[in-house]
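Take a look at the structure below.
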Amino acid sequence: MARIAIVYHSGAGHTRKLAEAVERGVLAAGGQAVLLPVEAFNSDEPGPASQARWALLDASDAIIFGAPTYMGGVSAPFKAFLDATSQRWVRHAWKDKFAAGFTNSGNLSGDKLNTLTTIMLAAMQHGMIWISLGLHPPASDDLNGPGAETINRLGSFMGAMAQSSVMLVADLAPPAGDLRTGELLGERVAILTARFLGERK
C-alpha cells in the first residue's frame, strides 16, 4: 500500500479543502494518506513531535505538496517549509520519492503556474520523481469557458489548479470540478506509486 503525505498551507481554508480532496483520491485508489499543514513543520521547537512529523515525510513513498498562490507565487509559510527541507536535501532523504503539486488562487489564472513550477523545482532539487496531472483540458465552445463542474477547467498539466472567489468562504469554494480534479490527482499519485512499489519488489 502506497504511503502518501500531503503537505499544504492554507490561509483561508480553500487550499485545505483542495488538500482534503486530494486525500480522498489517494484513499479511493487504495493508498494511505496523511494530511500535514506546514505550520506543523515551521515551529521553532525541534522536539520529539516535530521530529515525528518529519519522519512521516521521510517514510512516505510520495509527497504531494499544496500551496495557495499569493501575489503570483507560493505563500510565505509554504516557502518557509521548503527552506526547512534543506536538511533533507543534504542527505538525499527524498531522492526517488514521487512528488506532485496543487494550488488555489482567487483569480482564474492568478499566475498559478509559477506556484506549481516553484513546487516542482523544489522536488527536482530533492531528486524526486514528478507526477503530472495527466488530464486533458476540457473542450468548450462556450465563450464563458468551462463551467464550475468541469474537471480540469483551468487547463493545467503540471498539477491540480483550483480557483476560489475571494468573496466566498471555504464552505462554498473551490467548486466541484476543481475538487474533483484534486481527487483525480490523488488517485493518480496513489496508483502510480503503488505500481512502482510492486515492480520494485
Side-chain angles (χ1 to χ4, degrees), residues 2-11 14-26 29 31 33-38 40-42 56-57 60-85 88-89 94-135 137 151-164 174 177-193 196:
R3 298 168 298 178
I4 299 171
I6 303 163
V7 185
Y8 70 95
H9 173 244
S10 184
H14 302 96
T15 308
R16 181 184 71 244
K17 192 170 178 182
L18 183 58
E20 292 167 349
V22 172
E23 179 189 35
R24 288 195 299 274
V26 170
V34 58
L35 275 175
L36 297 164
V38 296
F41 300 92
N42 293 347
L56 280 173
L57 296 185
S60 66
D61 301 306
I63 305 175
I64 306 176
F65 303 94
T69 296
Y70 290 165
M71 299 302 293
V74 298
S75 59
F78 189 83
K79 182 59 169 67
F81 163 76
L82 288 183
D83 290 347
T85 68
R88 267 67 198 163
W89 174 83
W94 296 350
K95 184 177 180 181
D96 295 336
K97 289 184 188 294
F98 284 108
F102 59 91
T103 187
N104 174 79
S105 73
N107 292 304
L108 286 172
S109 170
D111 294 318
K112 285 188 277 283
L113 181 61
N114 187 54
T115 296
L116 289 178
T117 300
T118 299
I119 295 171
M120 185 179 72
L121 180 56
M124 296 299 98
Q125 289 184 332
H126 280 283
M128 302 176 81
I129 303 166
W130 187 262
I131 296 178
S132 66
L133 182 59
L135 296 173
I151 293 171
N152 196 23
R153 69 187 177 109
L154 300 178
S156 178
F157 295 95
M158 191 178 294
M161 291 183 179
Q163 180 264 335
S164 301
D178 294 354
L179 295 177
R180 181 59 184 147
T181 303
E183 290 176 359
L184 291 172
L185 175 66
E187 288 182 20
R188 178 169 164 82
V189 172
I191 290 169
L192 293 179
T193 303
F196 175 80

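The first residue in the sequence is number 1, and the count goes up from there. Side chains are part of it too, since the values below use all heavy atoms of this structure and drop only hydrogens, waters and symmetry mates. None of the values given here were measured: they were computed from a predicted structure.
- Remark: S75 OG to N104 CG distance equals 11.0 Å, nearest 0.5 Å.
- Side-chain contact between V189 and V26 is absent, with no heavy atoms from C-beta onward closer than 4.5 Å.
- Minimum interatomic distance between A190 and A2 (heavy atoms only, all atoms of both residues): O-CB, 4.1 Å.
- Here M120 contributes atom CE and M128 contributes atom CE; the two are 13.0 Å apart, rounded to the nearest 0.5 Å.
- With rounding to the nearest 0.5 Å, the separation of CG in L36 from CZ in F41 is 4.5 Å.
- In this structure, the separation between CG on L185 and CG on L18 is 8.5 Å, given to the nearest 0.5 Å.
- Side chain of N152 to main chain of S156: a donor-acceptor pair is present (N/O by atom type, distance under 3.5 Å, no hydrogens or angles).
- Between the side chains of T69 and K112, no donor-acceptor pair is found at a separation under 3.5 Å.
- For residues 119-131, every residue pair satisfying the side chain to side chain donor-acceptor pair (under 3.5 Å) rule, not counting sequence neighbours, is listed here: T85-H126.
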Next on the checklist: Could you go through R188 and S132, starting from their C-alpha distance and side-chain angles, then the distance that decides it, and tell me whether this counts as side-chain contact (heavy atoms from CB on, under 4.5 Å)?
Outcome noted: CA-CA 9 Å; R188 178 169 164 82; S132 66; 3.3 Å; yes

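- Heavy atoms only, all atoms of each residue included: P174 and H14 are closest at CD-O, 3.7 Å.
- A perpendicular orientation is assigned to the rings of Y70 and H9, their planes being inclined by more than 60° (bins at 30° and 60°).
- Closest approach of I151 to L184, counting heavy atoms only: CG2-CD1, 3.7 Å.
- The aromatic rings of F196 and F98 lie perpendicular to each other, with more than 60° between the two planes, well past the 30° mark.
- Checked by atom type and distance alone, the side chain of D178 pairs as donor or acceptor with a backbone atom of Q163 at under 3.5 Å.
- A 4.5 Å side-chain heavy-atom check between E23 and Y8 finds every atom pair outside the cut-off.
- At distances below 3.5 Å, at least one donor-acceptor pair connects side-chain atoms of K97 with backbone N or O atoms of S60.
- Nearest heavy atoms, L133 versus G159: CD2-O, 3.6 Å.
- Residues T103 and T15 are not in side-chain contact: their nearest non-hydrogen atoms beyond the backbone lie 4.5 Å or more apart.
- The distance from atom CG of D111 to atom CG of L116, rounded to the nearest 0.5 Å, is 11.5 Å.
- Between G73 and T115, the shortest heavy-atom distance links the atoms C-OG1, 3.3 Å.
- Crowding of M71 atom CE: a count of heavy atoms from other residues, nucleotides or ligands under 6.0 Å not exceeding 12.
- We find that E20 and K17 are not joined by a salt bridge, their nearest charged nitrogen and carboxylate oxygen being 4.0 Å or further apart.
- The shortest non-hydrogen separation linking T181 to G177 is OG1-O, 2.8 Å.
- At distances below 3.5 Å, at least one donor-acceptor pair connects side-chain atoms of D61 with backbone N or O atoms of R3.
- Summarising the geometry, atom CZ belonging to R16 is positioned 10.0 Å from atom CG belonging to L35; distances are rounded to the nearest 0.5 Å.
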